[in-house]
Amino acid sequence: MPLVTTTEMFKKAYEGGYAIGAFNVNNMEIVQGITEAAREANSPVILQVSAGARKYAKHAYLMKLVEAAVADTDLPIALHLDHGEDFEICKACIDGGFTSVMIDGSKHSFEDNIALTKKVVDYAHARGVVVEGELGRLAGIEDDVKVSAADSSYTDPNQVEEFVRATGVDSLAIAIGTSHGAFKFKPGTNPQLRFDILEEISRRLPGFPIVLHGASSVTPSYVDIINANGGQLKDAIGVPEDQLRQAAKMAVCKINIDSDLRLAMTAGVRQQLMADPANFDPRSYLKVGRQYVKELVKDKIINVLGSNDSL
C-alpha cells in the first residue's frame, strides 16, 4: 500500500467519533515503535515531520524510513509536514513525497495568513496533496515553534468560515487551551480545554476536520522513570487524557503527539544505561526506548484516540 492522504482517514474519524494520532518522528526506532503499535491496534496513523526533524535526520532518510514502515505494516499511513512556516518548506515536502503538509501562518495577520495558506493549498492540491492550516496560536516551545503566553490566543470562531472558504484548506488546527512542549501547565493548575470554542467551530464548519496541536499528556510514568535515572524533568504537566478523548468524540479528527514520544524514548534509554553502566551498544538501549514508544502509542490509540480496530 502506498502512502495515503488524510482525506479518507478524517472522513471515517469524524463519522466514527475518534481521532487519528499524528506522531512526530525523528529516527528509526520511533518510526518502528509507532507503526508496530498501529498495526497491532489495527489503526491508521499519521507520521509527521517537523522542520527540526528534517534538519536532524534529513529528508531522504526520513522518506526511506517511512517507506519501510509502509512496506512492513501495510497500514494506511500519511506522511505530514508539521508546522511548515513558509511556502518553500511546504513545496519541498510536497515535491519530496509527503502526502500532507501544514502551513502555519498563525503568526501573521488574518489576511496574510489567508494569502500564504491559499498559495500552499493551490500548489498542493494541483499535486494531490492535502493541506492543514492554523488559526489561533498555542503557547509553549517545541522544536522551532516558540510562542510566549502573551502572544498566544484562542481561535476566534467568527473567522473560521471565511478562512476555510478563502483558502480551501482540508483541515484546520485550532487553539482551545493545549500547549506545546512537556512543561505545558504550572503545578497546581487545572488544565481545561475550551470545548465551547470547539463546539461553536464545529457548528460553523459541520463535518469539517479539526486538529489539535500541543496535545501530549506528558505521561507521568515516563517522567518518573527519567527522574529516577538522573533526569530533571520536575513539574512537567500535559493535557488530561479524558479531555483529549472528549475532543476526539467531537469534531477533532487529528491529535498531534510529540513530547510523549520523546519522554518514552528517553525513559527507556536512561533506564537501560543506569541499569547497565558498561553498556555501549545502541541496539541494546535504544531497543528499550523503542518498546516504550510502542507501548505508549498503542495505549494512546486505544484509550485516548479511539481509532483502534477502525480499518
Side-chain angles (χ1 to χ4, degrees), residues 1-16 18-25 34 38 43-51 53-54 59 62-63 66-67 69-70 75-106 113-135 155 160-174 201-202 205-213 215 248 251-258 305 307 310-311:
M1 177 182 292
L3 285 168
V4 300
T5 70
T6 56
T7 302
E8 188 64 21
M9 287 185 187
F10 289 168
K11 182 177 183 296
K12 291 181 177 179
Y14 199 104
E15 294 171 352
Y18 62 86
I20 308 298
F23 300 96
N24 283 67
V25 300
I34 294 167
S43 171
V45 69
I46 300 167
L47 300 180
Q48 59 184 27
V49 175
S50 67
R54 285 182 82 241
H59 185 105
L62 289 168
M63 286 299 304
V66 174
E67 288 172 12
V70 171
L75 287 172
I77 296 176
L79 179 57
H80 176 75
L81 169 66
D82 187 26
H83 284 288
E85 69 172 0
D86 54 38
F87 175 80
E88 286 68 29
I89 190 171
C90 291
K91 179 180 183 300
C93 289
I94 294 166
D95 294 344
F98 281 48
T99 57
S100 175
V101 296
M102 177 196 184
I103 176 62
D104 182 359
S106 61
N113 189 357
I114 286 177
L116 174 60
T117 303
K118 186 178 188 306
K119 182 178 180 181
V120 173
V121 168
D122 289 346
Y123 189 84
H125 283 183
R127 292 155 181 81
V129 174
V130 295
V131 179
E132 172 188 325
E134 181 165 2
L135 274 177
T155 301
V160 297
E161 292 167 286
E162 180 182 353
F163 185 83
V164 169
R165 181 176 61 253
T167 62
V169 288
D170 303 280
S171 61
L172 181 65
I174 64 172
I201 289 173
S202 61
L205 298 173
F208 193 80
I210 300 301
V211 176
L212 286 188
H213 286 247
V252 172
C253 296
K254 172 175 176 269
I255 294 179
N256 288 18
I257 298 172
D258 183 9
L305 303 165
S307 64
S310 60
L311 295 179

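Small disclaimer: the values here were computed from a predicted structure and weren't measured. As a basis for the values below, the full set of heavy atoms in this structure was taken, side chains included, without hydrogen atoms, waters or symmetry mates.
Side-chain contact between Lys254 and Ile46 is present, with at least one heavy-atom pair separated by less than 4.5 Å. Side chains of Ser171 and Val130 form no contact here, defined as non-hydrogen atoms less than 4.5 Å apart. Side-chain contact between Asp82 and Met102 is present, with at least one heavy-atom pair separated by less than 4.5 Å. Using a 4.5 Å heavy-atom threshold, the side chains of Val49 and Val25 count as touching. Residues Glu161 and Phe208 fail the side-chain proximity criterion, which asks for heavy atoms closer than 4.5 Å. The shortest distance between side-chain heavy atoms of Val211 and Val252 does not fall below 4.5 Å. Side-chain contact between Pro44 and Leu311 is present, with heavy atoms from C-beta onward closer than 4.5 Å. Side chains of Cys90 and Leu81 form a contact here, defined as non-hydrogen atoms less than 4.5 Å apart.
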Between Asn113 and Phe163, is a side-chain contact (heavy atoms from CB on, under 4.5 Å) present by the stated rule, with each step listed? CA-CA 9 Å; Asn113 189 357; Phe163 185 83; 3.6 Å; yes
Checking Val120 against Phe87 for the side-chain contact (heavy atoms from CB on, under 4.5 Å) test, could you report, in this order, the C-alpha distance in whole Å, the side-chain angles of both residues, the deciding distance, and whether it holds? CA-CA 6 Å; Val120 173; Phe87 175 80; 3.9 Å; yes
Does the side-chain contact (heavy atoms from CB on, under 4.5 Å) test come out yes or no for Tyr123 and Asp95, once each step is laid out? CA-CA 10 Å; Tyr123 189 84; Asp95 294 344; 2.7 Å; yes
For Lys119 and Ile103: C-alpha separation, side-chain torsions, deciding distance, then whether side-chain contact (heavy atoms from CB on, under 4.5 Å) applies. CA-CA 10 Å; Lys119 182 178 180 181; Ile103 176 62; over 6 Å; no
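Side chain of Thr99 to main chain of Leu79: a donor-acceptor pair is present (N/O by atom type, distance under 3.5 Å, no hydrogens or angles). Looking only at distances, no side-chain donor or acceptor of Asp104 sits under 3.5 Å from a matching main-chain atom of Glu85. A donor-acceptor distance shorter than 3.5 angstrom exists from the side chain of Tyr14 to the backbone of Gly207, with no hydrogens or angles considered. Listed for the His213 side chain is no donor-acceptor partner under 3.5 Å among the backbone atoms of Ala173.
What you find for Ala124 and Val131 is that their closest heavy atoms are CB-CG2, 3.4 Å. Nearest heavy atom pair, residue Phe98 against residue His59, reads CE1-CE1, 3.3 Å. Minimum heavy-atom separation, Ala38 to Val45: CB-CB, 4.1 Å. The shortest heavy-atom contact between Ser43 and Leu75 is O-CD2, 3.7 Å.
Of the inter-residue distances, the one linking Glu67 atom CD with Ile77 atom CD1 reads 11.0 Å to the nearest 0.5 angstrom. Atom CG of Leu172 is separated from atom CD1 of Ile210 by 5.0 Å, given to the nearest 0.5 angstrom. Rounded to the nearest 0.5 Å, atoms CZ (Arg127) and CG (Asp122) are 10.0 Å apart. Interatomic distance, His83 NE2 to Ile89 CD1, rounded to the nearest 0.5 Å: 12.0 Å. Atom-to-atom distance recorded for Ile20:CD1 and Leu305:CG is 8.0 Å, nearest 0.5 angstrom. Here SG of Cys253 is found 11.5 Å from NZ of Lys11. Values are rounded to the nearest 0.5 Å.
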